[in-house]
Amino acid sequence: MAGIITALRFQKKDRDRVNVYLDGQFAFALPALVAARLRPGQALDEAEIAALQAVEAETSAYDRAVRFLGYRPRSIAEVRQYLLEHAVPASVAETVIQHLQQAGYLDDEGFARFWVENRQQFRPRGERALRQELRRKGVDDAIIDAAIARAEVDEEEAAYALARGRCSRWQGLEWRAFWQKGAAFLARRGYSYDVIETALRRLWQEIQAETDIEGE
């Protein structure tokens with residue numbers, strides 16, 4: 001489909017984009033910098049139109065991905081899946097991902113570090129749970145290993161702190177019931193049996209000591 005450019009009009013809601021009209025009909029939109037090379041009366045052949053439409057498809061996908069990244073850091077796999085779910089062709093999605101990586105907006109190593117540090121600060125998880133979460137995000141095991149090692153996660157201290165914050169609900173329980181509730185709580189957060197046992201025995205001893213002091 002060839003055509004003659006009959007109008008170039010800035011979009012009302014986005015002055016960085018220009019609507020291109022061919023033969024009196026809207027054809028496609030372009031970034032203003034790209035549209036600046038065009039002029040009314042200019043003839044476009046099929047190859048030129050296809051090239052301009054490809055630019056538009058890539059630009060729209062890139063803008064969509066940047067908005068998606070604006071909420072929080074994402075993994076490469078998350079961005080790829082998001083674009084594909086919004087009908088972006090796979091080839092365009094891969095090009096956009098490359099541009100995002102080059103611009104520093106997309107980095108699985110940085111994302112993994114963010115995820116681990118954020119979890120440890122706000123919602124502590126055991127190493128097993130952290131690994132499962134990052135794998136679901138499409139992050140490679142080697143990158144996960146590096147992020148966890150860098151964060152120097154102290155699982156025993158984190159598990160103890162979590163249980164300590166919950167133990168008011170377990171006051172007055174016998175050891176067996178205390179253990180069952182505490183172990184189930186920590187296991188759901190990805191802690192291993194050894195870590196759970198160490199944390200709960202420490203907490204139990206402290207609770208008993210506090211109880212003895214109060215009873216004096």
Side-chain angles (χ1 to χ4, degrees), residues 64-86 93 97 100-101 104-216:
R64 182 184 290 275
V66 169
R67 289 195 297 272
F68 183 56
L69 288 165
Y71 297 102
R72 67 163 174 80
R74 310 277 182 176
S75 69
I76 292 173
E78 282 184 292
V79 172
R80 179 182 291 113
Q81 183 62 33
Y82 176 78
L83 291 175
L84 295 177
E85 287 176 354
H86 286 80
I97 286 172
L100 290 169
Q101 289 177 292
Y105 292 145
L106 201 54
D107 169 23
D108 270 3
E109 292 180 357
F111 168 74
R113 290 195 300 270
F114 159 81
W115 191 267
V116 172
E117 292 168 3
N118 185 269
R119 274 290 195 236
Q120 292 308 106
Q121 184 175 358
F122 299 107
R123 298 179 64 187
R125 292 289 186 272
E127 183 176 320
R128 181 177 60 189
L130 289 171
R131 290 183 182 280
Q132 290 175 343
E133 289 177 345
L134 286 169
R135 283 171 182 154
R136 286 197 294 269
K137 302 291 183 185
V139 180
D140 289 341
D141 282 345
I143 294 176
I144 296 173
D145 291 342
I148 291 176
R150 181 188 178 94
E152 298 181 345
V153 176
D154 187 334
E155 284 200 304
E156 290 184 2
E157 193 62 33
Y160 164 79
L162 270 177
R164 185 77 198 183
R166 190 89 168 192
C167 70
S168 61
R169 303 185 183 188
W170 310 330
Q171 292 287 358
L173 296 178
E174 296 296 329
W175 164 250
R176 182 179 294 277
F178 175 88
W179 163 262
Q180 290 175 340
K181 289 185 178 296
F185 172 71
L186 292 175
R188 288 195 298 271
R189 283 149 183 80
Y191 291 100
S192 67
Y193 178 87
D194 290 342
V195 169
I196 291 172
E197 182 174 30
T198 299
L200 290 182
R201 287 193 179 279
R202 173 185 169 187
L203 182 56
W204 175 259
Q205 291 171 1
E206 290 182 358
I207 291 174
Q208 300 313 301
E210 291 168 1
T211 301
D212 290 342
I213 291 175
E214 291 174 357
E216 293 177 357

Exercise. Do Tyr105 and Arg74 have side chains that get closer than 4.5 Å, going by heavy atoms?
Worked result: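 Counting from C-beta outward, Tyr105 and Arg74 never come under 4.5 Å.
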Exercise. If we only count heavy atoms from C-beta on, is the Glu133 to Arg119 side-chain gap below 4.5 Å?
Worked result: yes
Could you give the distance from [atom1] ([X]) to [atom2] ([Y]), rounded to the nearest 0.5 Å?
X      : Y      : atom1 : atom2 : answer
Gln81  : Ser75  : CD    : OG    : 10.0 Å
Glu155 : Ile148 : CD    : CD1   : 8.0 Å
Phe111 : Leu106 : CZ    : CG    : 10.0 Å
Arg125 : Arg188 : CZ    : CZ    : 10.5 Å
Asp141 : Arg135 : CG    : CZ    : 4.5 Å

Exercise. Okay, side chain of Arg128, backbone of Tyr191: is any donor-acceptor separation there less than 3.5 Å?
Worked result: yes
Problem set entry | Check against side-chain contact (heavy atoms from CB on, under 4.5 Å), Ile207 and Phe178 | CA-CA 11 Å; Ile207 291 174; Phe178 175 88; 3.7 Å; yes
Kindly write out the residues that satisfy side-chain hydrogen bond (donor to acceptor under 3.5 Å, both in side chains) with [X], not counting sequence neighbours, or none if the list is empty.
X      : answer
Lys137 : Glu78
Arg131 : Glu127, Asp145
Gln121 : none

For [X], does the [atom1] atom have more than 12 heavy-atom neighbours from other residues, nucleotides or ligands under 6.0 Å away?
X      : atom1 : result
Phe68  : CZ    : yes
Glu174 : CD    : no
Arg150 : CZ    : no

Exercise: identify the closest heavy-atom pair between [X] and [Y]:
X      : Y      : answer
Ala159 : Leu186 : O-CD2, 3.6 Å
Asp108 : Gly138 : OD2-O, 4.3 Å
Leu134 : Ala112 : CD2-CA, 4.1 Å
Gly182 : Trp170 : CA-CH2, 3.5 Å

For this session: Please test Glu206 against Arg164 for side-chain contact (heavy atoms from CB on, under 4.5 Å), starting from the C-alpha separation and ending with a verdict.
Result: CA-CA 10 Å; Glu206 290 182 358; Arg164 185 77 198 183; 3.1 Å; yes
For this session: I would like to know whether Val66 and Leu100 meet side-chain contact (heavy atoms from CB on, under 4.5 Å); could you show each step before the answer?
Result: CA-CA 8 Å; Val66 169; Leu100 290 169; 3.9 Å; yes
Problem set entry | salt bridge (charged side-chain N to carboxylate O under 4.0 Å, His left out) involving Arg189 - partner list, sequence neighbours excluded | none
Problem set entry | Listed partners of Asp140 passing salt bridge (charged side-chain N to carboxylate O under 4.0 Å, His left out), at least two apart | none
Problem set entry | side-chain contact (heavy atoms from CB on, under 4.5 Å) evaluation trace for Gln180 with Leu173 | CA-CA 10 Å; Gln180 290 175 340; Leu173 296 178; over 6 Å; no
Distance-only donor-acceptor hits, side chain of residues 193-204, under 3.5 Å, sequence neighbours excluded:
unit_1: Glu197; atom_1: OE2; unit_2: Arg201; atom_2: NE; d: 3.3
unit_1: Thr198; atom_1: OG1; unit_2: Asp194; atom_2: O; d: 3.0
unit_1: Arg202; atom_1: NH1; unit_2: Glu157; atom_2: OE1; d: 3.1

